[in-house]
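Worksheet: the structure to be examined is printed underneath.
Counting from 1, the numbers follow the sequence of the chain as shown. Below, each value reflects all heavy atoms present in this structure, side chains not excepted, and no hydrogens, waters or symmetry copies.
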Amino acid sequence: MNSNDDFETRVTDLKKLFKAQPEEDSLVIIHTAVSRELGRRYVLDKPYVTIGRGTDNDIVILSDSVSRYHIRLERHGNDLVLQDLKSTNGTFANNDPERVTVRSLMPGDQIRVGDTVFKFLAGSDIEAQYHATLSHMATTDGLTGLSNRKRLDMVLADEIQRATRYTRHLSVMMLDVDHFKHINDTHGHPAGDTLLCQLASLLQQRLRLSDEIGRYGGEEFCAILPETSLEAAVQIAESLRATIESHAFVIEQQTLNVTVSIGITTFNAGMQHEDLYRASDQKLYEAKRAGRNRVCH
């Protein structure tokens, strides 16, 4: 029998024994007209993947706004390259108004195909990315990237508590695109979605960091304005209305000019978030009835 001196102790790296399977890139649906598809993940484990309305695609989207063969994703070395397949309504990335022809995808990119928005998750720690995306989806509107109704409710409830405790001003603004149905009917729903995305970006640029802007529903947006009196809120709203009226929205190489109607209310003791929404909505429809493209308070 050999003595102990004949042996060497070898240390084995457990990571080498139990190698994790490499995670594949994937797409997650973060916005869709079909609610049951929200959050669905598609693993990109093939050399190329096609997306379109045709049932022979790898990812099928049954929507009239999607072409039969809409886009193709293909591996080029370490890159994943998106190519639009001359789709009728185009492909868009990250709320950019320009159509995508060919694009190398970056982690976190959002790709809009018709009325569906995918988020690209890349490689390592894919499960953490996926769950972070699901958590983000719970409070974010998938189309515009603004807060959703759930997030607005939470923020407004907190701001009501602050306004009550410290006797501070608080105002709420509801904003709605005028004649939005006509835009959809004339230019198509994808154009309407692009308009909403561009409008969302414009609102984010013009409002303060302390304000909370969200998509309340459809073409209606809500802005929560802490520390803001009714008079100050009216000035903000008038500035927004004029900015939007003069802004050239470029969609499908066409320039669209749109207007908005705005309703404003301010917090009074005892009001709950539903009361502020309701009062602002009433003022919004008062602006609509008075001829649109105006602010009512």
Side-chain angles (χ1 to χ4, degrees), residues 30-31 33 35 38-39 132 134-178 180-181 196-197 199-241 243-244 259-297:
I30 63 171
H31 177 80
S35 59
L38 195 63
L134 292 183
S135 176
H136 184 66
M137 284 167 56
T139 56
T140 305
D141 175 59
L143 179 66
T144 63
L146 300 180
S147 295
N148 63 10
R149 174 65 184 274
K150 181 179 180 180
R151 169 71 180 169
L152 287 171
D153 287 351
M154 292 190 296
V155 171
L156 187 52
D158 288 344
E159 291 299 337
I160 287 173
Q161 288 186 354
R162 289 182 63 251
T164 301
R165 183 179 300 118
Y166 302 111
T167 319
R168 301 286 177 80
H169 289 297
L170 171 64
S171 295
V172 171
M173 177 171 64
M174 288 289 192
L175 179 151
D176 187 87
V177 179
D178 295 328
F180 187 71
K181 184 179 184 301
L196 293 179
C197 291
L199 178 57
S201 296
L202 187 61
L203 292 172
Q204 284 182 309
Q205 293 168 21
R206 302 294 295 186
L207 289 170
R208 305 165 299 183
L209 290 176
S210 59
D211 300 328
E212 187 76 20
I213 178 71
R215 188 179 177 197
Y216 190 75
E219 68 274 19
E220 190 172 355
F221 297 85
C222 175
I224 300 168
L225 311 175
E227 310 279 347
T228 307
S229 66
L230 180 62
E231 293 75 14
V234 170
Q235 291 181 352
I236 293 170
E238 284 290 359
S239 174
L240 281 176
R241 184 202 60 75
T243 297
I244 293 166
T259 61
V260 295
S261 298
I262 303 176
I264 304 172
T265 193
T266 193
F267 172 73
N268 291 312
M271 294 178 77
Q272 301 300 315
H273 67 276
E274 296 92 343
D275 303 318
L276 283 163
Y277 287 145
R278 188 181 306 111
S280 300
D281 238 4
Q282 289 172 352
K283 292 300 181 181
L284 169 61
Y285 285 102
E286 185 178 316
K288 294 280 192 184
R289 290 192 295 270
R292 297 182 172 85
N293 190 24
R294 64 193 63 219
V295 176
C296 284
H297 56 88

Would the number of heavy atoms belonging to other residues, nucleotides or ligands and lying under 6.0 Å from CZ of Arg206 be above 12? no
Asp153-Tyr277 side chain donor-acceptor pair, cut-off 3.5 Å: yes
Walk me through it: do Asp178 and Lys288 pass the test salt bridge (Lys or Arg N to Asp or Glu O under 4.0 Å)? CA-CA 8 Å; Asp178 295 328; Lys288 294 280 192 184; 2.9 Å; yes
Does some side-chain heavy atom of Lys283 sit less than 4.5 Å from a side-chain heavy atom of Ile264? no
Please say which of Val260, Leu240, Leu199 ends up in a side chain to side chain contact (heavy atoms under 4.5 Å, CB included) with Phe221. Leu199
Evaluate the criterion side chain to side chain contact (heavy atoms under 4.5 Å, CB included) for residue pair Leu156 and Val172; output intermediate values, then yes/no. CA-CA 9 Å; Leu156 187 52; Val172 171; 3.9 Å; yes
With the side chain counted from C-beta on, respond yes when Met154 and Thr139 share a heavy-atom pair under 4.5 Å apart, and no when they do not. yes
So does Gly218 get a backbone contact from the side chain of Arg215, meaning a donor-acceptor N/O pair under 3.5 Å? yes
Determine, stepwise, if the pair Ser210 / Glu227 fulfils side chain to side chain donor-acceptor pair (under 3.5 Å). CA-CA 9 Å; Ser210 59; Glu227 310 279 347; over 6 Å; no
Heavy-atom nearest pair, Asn293 first then Ser261, reads N-OG, 3.3 Å
State whether the side chain of Thr167 and the backbone N or O of Ala163 hold a donor-acceptor pair below 3.5 Å, judged by distance alone. no
Ser239 (side chain) donor-acceptor with Gln235 (main chain) under 3.5 angstrom: no
Do Arg208 and Thr228 pass the side chain to side chain donor-acceptor pair (under 3.5 Å) test, and can you show the C-alpha distance, the side-chain angles, and the key distance before you say yes or no? CA-CA 11 Å; Arg208 305 165 299 183; Thr228 307; 2.6 Å; yes
Check for a donor-acceptor pair, side chain of Thr266 on one end and backbone N or O of Leu170 on the other, with a separation under 3.5 Å. yes
Is a side-chain N or O of Thr144 found less than 3.5 angstrom from the main chain of Leu146, in a donor-acceptor match? yes
Work out which heavy atom in Met174 is nearest to a heavy atom in Cys222; give both atom names and the distance. SD-CB, 3.8 Å
One pair to check against side chain to side chain contact (heavy atoms under 4.5 Å, CB included): Thr164 and Phe267. What are the steps and the verdict? CA-CA 9 Å; Thr164 301; Phe267 172 73; 3.4 Å; yes
Run the numbers on Asp211 and Met173 for side chain to side chain contact (heavy atoms under 4.5 Å, CB included), then give the verdict. CA-CA 11 Å; Asp211 300 328; Met173 177 171 64; over 6 Å; no
Could you walk me through whether Arg241 and Glu238 pass the salt bridge (Lys or Arg N to Asp or Glu O under 4.0 Å) test, one step at a time? CA-CA 5 Å; Arg241 184 202 60 75; Glu238 284 290 359; 3.1 Å; yes
Decide side chain to side chain contact (heavy atoms under 4.5 Å, CB included) for Thr265 and His297; before the verdict, give the C-alpha distance in whole Å, the side-chain angles of both, and the deciding distance to 0.1 Å. CA-CA 6 Å; Thr265 193; His297 56 88; over 6 Å; no
What are the two closest non-hydrogen atoms of Arg162 and Pro226, and how far apart are they? NH1-CB, 4.4 Å
What heavy-atom pair brings Leu152 and Ile213 nearest, and what distance separates the two atoms? CD2-C, 4.4 Å
For a quick test of reading the model, state the closest non-hydrogen atom pair linking Asp275 to Arg278 and the distance between them. OD1-NH1, 3.2 Å
Heavy-atom closest contact (Glu212 atom, Arg151 atom, distance): OE2-NE, 3.3 Å
Kindly say whether Leu284 contributes a backbone atom to a donor-acceptor pair with the side chain of Asp176 at under 3.5 angstrom? no
